[in-house]
Amino acid sequence: MRLDKWLWHARFFKTRSLATRYIEKSRCRIDGRVVDKAHATVAPGMVLTFALGPKVRVVRVVALGERRGPAPEARSLYEEIEPR
């Protein structure tokens with residue numbers, strides 16, 4: 001699944017275009033690699049790192065999701081990892 005679509009499904013961004021613009025500014029990492037393409041592939045088990053507001057989010061992708069559902073459904077797509 002595309003990174004921008006997954007971030008939108010997981011409700012980190014209100015719109016997919018906001019997620020795309022954020023990624024293109026090289027503010028996201030997949031498994032430690034800086035990503036600047038919204039079409040980067042995300043799969044379960046990958047670790048995403050990105051700054052959102054004053055906080056750095058480190059999450060492990062658990063599932064891909066079929067739609068942008070309610071918040072409880074979105075939270076089931078990832079698990080929070082404490083940044084070191």
Side-chain angles (χ1 to χ4, degrees):
M1 173 178 276
R2 290 174 57 111
L3 177 58
D4 61 340
K5 193 171 183 179
W6 188 87
L7 289 170
W8 178 63
H9 280 195
R11 293 186 161 265
F12 287 109
F13 293 92
K14 281 190 172 197
T15 65
R16 192 166 160 194
S17 61
L18 284 174
T20 300
R21 278 185 264 156
Y22 181 85
I23 295 162
E24 288 172 351
K25 292 180 181 176
S26 300
R27 294 184 180 164
C28 193
R29 292 175 184 257
I30 298 178
D31 292 335
R33 285 181 298 113
V34 175
V35 176
D36 62 353
K37 303 289 184 200
H39 63 267
T41 303
V42 176
M46 291 183 162
V47 175
L48 305 179
T49 308
F50 53 96
L52 204 55
K55 200 174 168 187
V56 174
R57 306 292 299 263
V58 181
V59 298
R60 177 172 283 113
V61 178
V62 175
L64 297 179
E66 306 255 333
R67 65 186 182 117
R68 186 172 198 258
E73 184 179 320
R75 281 192 294 276
S76 71
L77 299 180
Y78 62 92
E79 64 182 17
E80 245 355 283
I81 301 173
E82 291 298 319
R84 296 179 183 177

Taking only residues two or more places apart in sequence or in another chain, which ones pass side chain to side chain donor-acceptor pair (under 3.5 Å) with [X]?
{"X": "R57", "answer": "E80"}
{"X": "E24", "answer": "none"}
{"X": "S76", "answer": "none"}
{"X": "R75", "answer": "none"}

Cluster companions of V62 among Ile, Leu, Val, Met, Phe, Trp, Tyr (side-chain spacing under 4.5 Å):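 When side chains under 4.5 Å apart are linked, V62 ends up in no cluster with other residues.
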Residues in salt bridge (Lys or Arg N to Asp or Glu O under 4.0 Å) contact with E79, at least two apart in sequence or another chain: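 Partners of E79 by the salt bridge (Lys or Arg N to Asp or Glu O under 4.0 Å) criterion, ordered by chain and then number, come out as R60.
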Pairing residues for R11 by the salt bridge (Lys or Arg N to Asp or Glu O under 4.0 Å) criterion, not counting sequence neighbours: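 Salt bridge (Lys or Arg N to Asp or Glu O under 4.0 Å) list for R11, sorted by chain: empty.
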Single-linkage hydrophobic cluster V59~V56, side-chain heavy atoms < 4.5 angstrom: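 Looking at the clustering, V56 is in a separate group from V59.
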Hydrophobic cluster identity match, V58 and I23, side-chain contacts under 4.5 Å: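 Each belongs to a different hydrophobic cluster.
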Which residues share a side-chain contact (heavy atoms from CB on, under 4.5 Å) with P54, sequence neighbours left out: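 Per chain and number, P54 pairs via side-chain contact (heavy atoms from CB on, under 4.5 Å) with no residue.
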Criterion ring-ring contact (aromatic ring centres under 6.0 Å, His included) on Y22 and F12, from CA distance to verdict: CA-CA 11 Å; Y22 181 85; F12 287 109; over 10 Å; no
side-chain hydrogen bond (donor to acceptor under 3.5 Å, both in side chains) partners of residues 61-73, not counting sequence neighbours, each pair once: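 For residues 61-73: R67-E73.
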Distance-only check: which donor-acceptor pairs under 3.5 Å involve side-chain atoms of residues 27-52, not counting sequence neighbours?
residue	atom	partner	partner atom	Å
R29	NH1	G32	O	3.2
D31	OD1	V47	N	2.8

Enumerate donor-acceptor pairs with a distance under 3.5 Å from any side-chain N or O in residues 1-8 to protein atoms, sequence neighbours excluded.
residue	atom	partner	partner atom	Å
R2	NE	D4	OD1	3.0
R2	NH2	D4	OD2	3.2
D4	OD2	R16	NE	3.3
D4	OD2	T20	OG1	2.9
W6	NE1	A63	O	2.9
W8	NE1	K14	O	3.4

